[in-house]
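If you read the sequence from its start, that first residue is 1, and numbering goes on from there.
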Amino acid sequence: MDFAPKVFVMERSYELSKEEVWGLLADNDRMNQYIGLFPVSFSTVKKDGQGIFYREANATAAGVIPMVWQELPFQWEEFRNYRIERRYIKGPLKYYTWHIEFLDTSKTAEANQTTVRLTAEFTPKNLVGLMSIYAVAVKSMKKALDYLDDYLKSGAQKLHEAPQKNARHKIDLAELERLETVLRNWPVEEEQIGLLHQYLTEKSDHDAALMEPFKIAEQWGADPDAVLRLFLYATKSGILNLSWNLICPNCRVSKSANTSLSGLTADFHCDLCGINYDASFDQFVELHFSVHPAIRKAYAEVYCVGAPIITPHVKVQKIIERGMSARFPVPETEGNWRLRVLQSNEMVYVERAGAESETAIGFTDGGWSESRLLPVSELMVHNSSGRDIVAVLEQADWSKNAVTAAQVTAMQEFRDLFSSEVLSPGQQIGIDHVTILFTDLQGSTSLYETVGDANAYGQVNKHFDFLSLWIGKNSGSVVKTIGDAVMAVFHLPEDGLRAALEIQQHVAEFNKDKKDPIVLKVGLHSGPAIAVTSNDRLDYFGRTVNLAARIQGQGLGGDIIFSRDYLDQPKLRALVEQDGVKMEAFPAKLKGIQGEVELVRACVGDGVIAEAISPYAFN
C-alpha cells in the first residue's frame with residue numbers, strides 16, 4: 001500500500017531579529033537536543049549515482065524503532081532559509097524534508113519582528129509511519145517553535161543563554177571543590193574559578209564536553225588569554241582534559257581529536273571536502289577542553305552534522321542538479337568571498353559590487369568557466385557538468401576565533417605545565433608564521449675570567465630568569481638555552497618585538513648593584529618554521545630560526561636587530577615609534593644567506609647607534 005506525502009505548515013512571529021532567530025534555529029544540534037529528538041550516529045561521506053554526497057545516519061526513535069537514512073547536504077541562504085532532506089532506508093518513513101524561512105515582518109530602530117514559516121513533508125512507508133507523523137513529527141515542529149518562545153520567556157540576552165532541557169547532571173561536587181582548592185595554588189583569579197564552577201555545573205553535556213576557551217571568554221566578558229591560562233591550570237589541577245583537534249581549512253570542522261600532541265600526524269583527510277591536507281600548527285590544529293570524567297561524565301551527543309551554524313563562514317549552500325541553475329546572493333558585509341564546489345574543491349573568488357549586478361557563471365567537468373575575480377552582487381550558477389554538485393559561497397579568510405597549537409605551544413605556562421606534550425619521534429608539523437627571538441651575552445667569556453666560574457654561572461642563571469620573565473609577560477616562551485644564549489618563540493611578531501624592547505629597557509634594573517653588569521644582544525625574525533621534538537622538548541627548525549640566530553649575531557650589545565620589513569607592519573612600527581627608541585638601518589651579509597639583508601638596529605635608553613632615524617624614513 002502506497003501512502004501519499006503529508007505536508008504541514010506552521011508559522012509564528014517573534015519579537016526577535018532574523019539574526020537572532022537564525023542563531024537559534026540553525027543550530028540544529030542544540031535545538032534537536034532541546035526538543036527531545038534522539039541522538040544520531042553518522043557515517044563518513046558516501047556518494048549516490050548522481051554525484052551528490054550524503055552521510056548514512058543511524059538512530060533509534062522512541063528508544064525502540066531502528067531508523068537508517070541518507071542525509072543529504074543541508075541547503076541554505078544565511079538569515080533567509082534552510083532545508084533538510086532525508087531518504088530513508090530503514091524505518092517507518094520513506095522521505096522527509098524540513099524547510100524553514102525567516103521573514104522580516106517589521107524592523108524599526110526600536111524593535112525587530114521576524115516571522116518563521118516552517119514547512120515539513122513526510123512520506124510514510126506504512127501505518128506505523130503514518131501514525132508517527134502525527135504522534136512525533138508534527139509535535140517536533142511545534143516544539144521547534146516553542147524553543148523560540150521559551151528563549152523569549154527566559155529573558156536571555158544572548159544566544160549562548162538559550163534555554164536547555166537536560167537530564168540532571170550527576171556532578172561530584174566534593175571532588176570539584178577539592179580540585180578547585182588545588183587550582184587556587186596557581187595564579188588565577190577567584191572570580192574566574194567561580195565562573196568555571198558555574199559553567200561545569202550548569203551547562204549542557206555538549207557544552208561541558210566541547211569547551212572552546214576564547215568562545216567562553218567572550219560569553220564571560222573576560223580576557224581571552226586569561227581564560228586560556230585558567231583552562232591550562234585547571235587541566236593541570238585535574239578539573240579539565242585537553243585535546244588537539246585537526247580542523248579542515250575549507251569546511252573548518254574538526255576531523256579528529258587527539259589527547260596528546262604525539263597523536264598528531266603531518267597530514268589528514270577531510271571526507272566532506274574530499275581532499276588531503278598538511279597539518280599546520282597555526283591554522284589547522286586547535287586546542288579544545290572538556291570536563292574531567294572524575295567530576296562529571298559529559299558526552300557530546302551528536303544530533304546533526306550538517307547544520308549551517310557548524311560552518312558559519314558558509315553563507316549560501318545549494319545542491320545544483322545537472323543542467324540546472326541556482327542564484328547565490330553575495331553578502332553586503334565586508335570580506336573576501338569565494339564560490340567553491342564541495343568534493344572537487346574548484347574555486348573562483350568573488351567581490352561584492354557596490355551597485356546591483358548579476359553575473360552568470362558555469363561549472364563544467366573541467367571546472368569554472370571564469371577564473372578572474374568577479375565583482376557582483378549576485379551570481380547565477382549553471383551546472384553544465386555531468387553530475388549534480390554542491391556549491392557554496394563562503395568567506396575565504398580564516399577568521400575562526402580559536403586557540404591554535406602554534407599559539408598555546410608558544411606560551412611559557414604551557415611549556416612549564418605540560419613539558420611532556422611533544423610530537424611523536426620523527427614527526428614534523430609546519431607553522432605558517434612564528435616569531436623566533438635569540439639573545440646572547442656580550443663578553444660572557446671575560447665575565448667568567450673576572451668573577452670566577454661559580455659567580456659567573458650564578459649571574460648567568462639569574463639572567464635566564466630575567467629573560468624568562470619578560471618573554472613570558474609577552475605571551476612567549478623559552479624554547480632552550482644554548483650556552484649563554486636563549487632561544488624563545490612567540491605566536492605574534494608584535495609580542496616578540498615588545499619582549500625585546502622591554503628586555504633592553506629593564507636590563508639596567510637587573511644590573512643594579514652588580515659589579516659586572518651584563519650587556520645583551522637581541523635579534524628576532526618572523527616567518528614559517530617546522531615544529532619537531534628534539535631532546536624531549538618541542539623545538540623549532542627552518543630558515544626563520546636560522547635567520548633569527550644570524551640576525552642576533554649582528555648585534556653590538558644593548559641593541560635589538562630585526563628585519564627592515566618589520567617596519568611595514570603598523571603594529572610593529574607603532575612599537576618602535578615610542579619615545580626613547582632610536583634606530584639605524586644597515587645592510588648585512590649573513591652566513592649561509594645569499595646576498596645582503598636589510599636590517600634595522602634599535603636601541604632604547606642609553607644605547608648608542610651610528611645615526612638615529614625615524615621609521616618614516618623607510619617609506
Side-chain angles (χ1 to χ4, degrees), residues 410 412 415-416 419 434-474 476-490 495-526 529 532 534-542 544-563 588 590-593 599-609:
Q412 192 64 54
R415 285 179 171 267
D416 291 342
S419 59
V434 68
T435 295
I436 301 294
L437 178 147
F438 277 94
T439 71
D440 199 10
L441 279 175
Q442 184 182 43
S444 60
T445 302
S446 62
L447 178 65
Y448 281 88
E449 293 292 333
T450 304
V451 303
D453 289 347
N455 289 333
Y457 180 74
Q459 189 160 331
V460 167
N461 276 342
K462 289 179 181 178
H463 124 276
F464 286 151
D465 293 338
F466 164 75
L467 293 173
S468 295
L469 172 66
W470 293 106
I471 290 167
K473 278 181 177 290
N474 288 284
S477 67
V478 173
V479 177
K480 59 187 174 185
T481 60
I482 312 162
D484 301 328
V486 162
M487 173 184 170
V489 62
F490 299 84
D495 289 338
L497 183 55
R498 189 182 298 106
L501 290 166
E502 291 182 356
I503 285 169
Q504 294 292 29
Q505 286 167 346
H506 291 88
V507 73
E509 296 174 18
F510 177 81
N511 285 330
K512 190 176 181 180
D513 299 327
K514 289 185 174 63
K515 294 181 180 179
D516 296 279
I518 65 168
V519 178
L520 286 168
K521 300 187 293 182
V522 182
L524 68 162
H525 191 66
S526 299
V532 302
S534 177
N535 296 322
D536 297 324
R537 69 163 67 92
L538 200 63
D539 207 340
Y540 303 85
F541 290 89
T544 297
V545 178
N546 294 337
L547 273 172
R550 303 282 191 273
I551 288 171
Q552 179 271 131
Q554 297 294 311
L556 302 176
D559 51 5
I560 303 161
I561 312 296
F562 51 85
S563 168
L590 302 180
K591 183 180 178 181
I593 306 298
L599 300 178
V600 173
R601 185 188 320 280
C603 291
V604 296
D606 298 328
V608 178
I609 60 176

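Residues Val507 and His463 are not in side-chain contact: their nearest non-hydrogen atoms beyond the backbone lie 4.5 Å or more apart. Residues Cys603 and Gln504 fail the side-chain proximity criterion, which asks for heavy atoms closer than 4.5 Å. Here the side chains of Glu509 and Phe466 are not in contact, with every heavy-atom distance at 4.5 Å or above. Contact of the Leu547 side chain with the Leu590 side chain is registered, since non-hydrogen atoms from C-beta on lie closer than 4.5 Å. A 4.5 Å side-chain heavy-atom check between Phe490 and Ile471 finds at least one atom pair inside the cut-off.
The two residues Ile518 and Asn511 have their closest heavy-atom pair at N-OD1, 2.8 Å. In terms of heavy-atom proximity, Phe438 sits nearest to Ile482 at CE2-CD1, 4.1 Å.
Judged by distance alone, the side chain of Thr435 and the main-chain N or O of Ser526 form no donor-acceptor pair under 3.5 Å. The backbone N or O of Lys521 sits nowhere less than 3.5 Å from a side-chain atom of Gln442 that would complete a donor-acceptor pair. Here the side chain of Asp484 pairs no donor or acceptor atom with the backbone of Asp440 at under 3.5 angstrom. Between the side chain of Asp559 and the backbone N or O of Gly557, at least one donor-acceptor pair lies under 3.5 Å. Judged purely by atom type and a 3.5 angstrom limit, Arg601 uses its side chain to pair as donor or acceptor with the backbone of Gln554. Although no hydrogens or angles enter the test, the distance criterion places no donor-acceptor pair under 3.5 Å between the side chain of Arg415 and the main chain of Arg537.
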ask   = Going through the distances and angles, do Leu467 and Val478 end up as a side chain to side chain contact (heavy atoms under 4.5 Å, CB included)?
value = CA-CA 9 Å; Leu467 293 173; Val478 173; 5.7 Å; no
task = Evaluate the criterion side chain to side chain contact (heavy atoms under 4.5 Å, CB included) for residue pair Ile551 and Leu524; output intermediate values, then yes/no.
result = CA-CA 7 Å; Ile551 288 171; Leu524 68 162; over 6 Å; no
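Atom CG of Asp465 is surrounded by more than 12 heavy atoms from other residues, nucleotides or ligands within 6.0 Å.
Atom CG of Leu520 is separated from atom CG of Leu441 by 5.5 Å, given to the nearest 0.5 angstrom. For the atom pair Ser477 OG and Met487 CE, the distance stands at 9.5 Å (nearest 0.5 Å). To the nearest 0.5 Å, the span separating CG on Leu437 from CH2 on Trp470 amounts to 14.5 Å. The line from CD1 of Ile436 to CD of Gln552 is 13.5 Å long, rounded to the nearest 0.5 Å. To the nearest 0.5 angstrom, Phe562 atom CZ is 9.5 Å from Leu599 atom CG. To the nearest 0.5 angstrom, Thr439 atom OG1 is 6.5 Å from Ile503 atom CD1.
A salt bridge between Arg498 and Asp495 is present, with a side-chain N of the basic residue lying under 4.0 Å from a carboxylate O of the acidic one.
Legend: residues meeting side chain to side chain donor-acceptor pair (under 3.5 Å) with Arg550, ordered by chain and number and at least two apart, are absent.
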